[in-house]
Each structure stands twice: as structure tokens, then as C-alpha cells.
Amino acid sequence: MDLGAIVTIGSREDARMVDQIAGERATVAEAHLKIDTGMGRYGFLPEEMETVYRLYTDSANIAFTGIYTHFGCAVDAAVTQKQYDRFQQVVQELRAAGFETGMVHCCNSTAFFQYEHMHCDAVRIGSALLGRVAFSGKTELKTIGYCQAELEEIRTIPAGHTVGYGAGWVAKRETRIAVLSIGYYNGFAVDRGFDLWRFKDCLRGVARYIKAFIKRKALYVHVNGTPCRVLGHVGMVNMVIDVTDCDCKVGDLARVNINPLLLKGIEVVYF
């Protein structure tokens, strides 16, 4: 509030707290009202309109300058349309009751590219700014940024030697390897989505593993422009790569592809 930021009001407790703090500072806090149309995280339900009306009339130190909702499954057109319709119903009811809704917004990055009729007064672009969206449709986005890690050690292992926990990789020939100071803690080889175990989620997970098995898809990083395969399991803060066919030395930098939404423990430098 002291920074002049617009706050979200998603509950009566939020409203009471913000109204009190703004009153103590003899100011008016600017806020956007959050409506829960199906995300189930924050916000007022569409069935709580009487409560919402009282926020507008009883919050003397809050100026509501916007209203929004958040889509829980923007890749599903039917689900998203249902959420959008519920949200618009709330907006229309507020206006019919004589309240100014201010800025209306609901689209995240995925919804922005897929549902133009839902753009309303504003959109909330997040992952798209990083060149990534959650759907497979065509866009003009380009991935921005990259991650680098030093080659900490280079050595040669004989045929038959194993690499990584669980002895997950076995050298078929004498192999020159390098160790990088980056791992799954930093966001490499980390995936989301394995936190719900409905039948269809389990089937989707099985299909993903079968597809990966068929394609034999391996992980790679690039060292001095040469793709180098990651060997064995990725460690917490390190990994081993095959540099047999790469001209490199200790201290050279490897370029590593990491989803910026999962990146942590690494200094971020802006150019």
C-alpha cells in the first residue's frame, strides 16, 4: 500500500484488513476484486453477490478499480468458456446494481492466444513474456534467455563404467565426460503435473513415458556449440555430460535449457 500498488481483494477478511490499514494512513487503497469461477484458489464465488455488494458500499477506504478471474484450464475451450460466462454474469450483475467495475480482465497467456473474444479491457501475460505458453498452437513467440554452467571437471572413464545414481548409464566405450555445476534443484529436467492421480491423469502419465521410451529421447546441453548428451540421472546440483566429441576444457560454459518458471538458485543477469 505504501508503494501505491493495486491490491487484490478476494475475501471479506482481505477487505477489512485493507480498509483498516488505508484508514490508518488516511488514504484510499486501489484494489481489484477477485472472482472465483472455478480455479478454487482465491476470490468470491458468483453466488456471493450480496457480500460483494457490501464491499462496494461499506469499504470507505478502498477504491475498486478493476475485477478479474483466473482460468484454471485455459487449454480446454469448453471449461474456459464456462468460467468466462460465469465471470461475465458477475460483471453484468454488478453494473446492473449501479457499481462501476473498472478494468475487467481474465486472460492468462494461453487464453490470450486462443480466445480473442475474452480479452476484455486487459490481459495478464506471464509465461508468454518468457517465450513459452502451455499449448501447442503456433505463435510468433521466441524463447528468451538461456542458462549457463561451468564445466567443473573433465575426465575419461573406461568402457563398462557407470554414471549417476542407480547406475543408470553404462559406458559402451571409453568416454570423456564433464561435470556441470547445475542440477534438478536449479530446475533442469524438472517437470510439473505429477501431483494429481485421477484415472485420466495416470493414463496421460503412462502415455508420456511410453512415448519417451519409443523415441529414446535424451537430454542435451550445448558446449561451444556442440550438443552433449546428459549421462545418467541428473543430480541435485550437478550433472555429467558426454564431451568425447567436443573440443572443451575446464571452465568452459555449457548452455542449458531450463524453463524459466522453474529456475532457482542461479543468478539472473539482464542484458
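Keep in mind that this is a model prediction, so the values were computed, not measured. Note: hydrogens, waters and symmetry copies are ignored here, and every other heavy atom, side chains too, is used.
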Would you say Arg95 and Gln92 make side-chain contact, with heavy atoms under 4.5 Å?
-> yes
When rounded to the nearest 0.5 angstrom, what is the spacing between CZ in Arg124 and NE2 in His70?
-> 6.0 Å
Do Glu48 and Arg54 pass the salt bridge (charged side-chain N to carboxylate O under 4.0 Å, His left out) test, and can you show the C-alpha distance, the side-chain angles, and the key distance before you say yes or no?
-> CA-CA 10 Å; Glu48 298 180 288; Arg54 286 196 294 273; over 6 Å; no
What about Val7 and Val28, same hydrophobic cluster or not, with Ile/Leu/Val/Met/Phe/Trp/Tyr joined at side-chain heavy-atom distances under 4.5 Å?
-> no
Just distance, no hydrogens or angles: give the donor-acceptor pairs under 3.5 Å from side chains in residues 150-158, sequence neighbours left out.
none

Asn61 to Ala22 - nearest heavy-atom pair and separation = O-CB, 3.5 Å
What are the two closest non-hydrogen atoms of Leu55 and Phe64, and how far apart are they?
-> O-CE1, 3.7 Å
Glu30 (side chain) donor-acceptor with Thr65 (main chain) under 3.5 angstrom | no
Just say parallel, tilted or perpendicular for the rings of His105 and Tyr68, cut-offs at 30° and 60°.
-> parallel
CA sep, side-chain torsions, deciding dist, call: Thr8, Asp14, side chain to side chain contact (heavy atoms under 4.5 Å, CB included) | CA-CA 8 Å; Thr8 285; Asp14 288 345; 5.5 Å; no
Should the pair Asp85-Lys82 be classified as a salt bridge under the 4.0 Å nitrogen-to-oxygen rule?
-> no
Can any side-chain N or O of Ser109 pair as donor or acceptor with the backbone N or O of Ala128 at less than 3.5 Å?
-> yes
Determine, step by step, whether Glu13 and Arg16 satisfy the side chain to side chain contact (heavy atoms under 4.5 Å, CB included) criterion, reporting the C-alpha distance in whole Å, the side-chain angles of both residues, the deciding distance to 0.1 Å, and the verdict.
-> CA-CA 5 Å; Glu13 291 74 16; Arg16 283 196 292 266; 3.6 Å; yes
Donor-acceptor under 3.5 Å (Asp252 side chain, Val223 main chain) = no
Hey, what do you get for CG (Asp245) to CZ (Arg229), rounding to the nearest 0.5 Å?
-> 13.0 Å
Between the OG1 atom in Thr110 and the CZ atom in Phe71, the distance rounded to the nearest 0.5 Å is 11.0 Å
Are the side chain of Asn238 and the backbone N or O of Leu180 linked by a donor-acceptor pair below 3.5 Å?
-> no
Note: Asp201-Arg204 ion pair, threshold 4.0 Å (strictly below) = yes
Taking atom NE2 of His233 and atom CE of Met239, what is their separation to the nearest 0.5 Å?
-> 14.0 Å
Of all heavy-atom pairs linking Met103 and Ala122, the shortest is SD-CB, 3.6 Å
Under the 3.5 angstrom rule, does the side chain of Tyr115 hit a backbone N or O of Ala74 as a donor-acceptor pair?
-> yes
To the nearest 0.5 Å, atom OG of Ser59 lies from atom CD of Gln20 at 12.5 Å
Taking the side chain from Thr69 and the backbone from Ile35, do they hold a donor-acceptor pair closer than 3.5 Å?
-> yes
Spacing of Asp242 atom CG and Trp169 atom CH2 [to the nearest 0.5 Å] = 6.0 Å
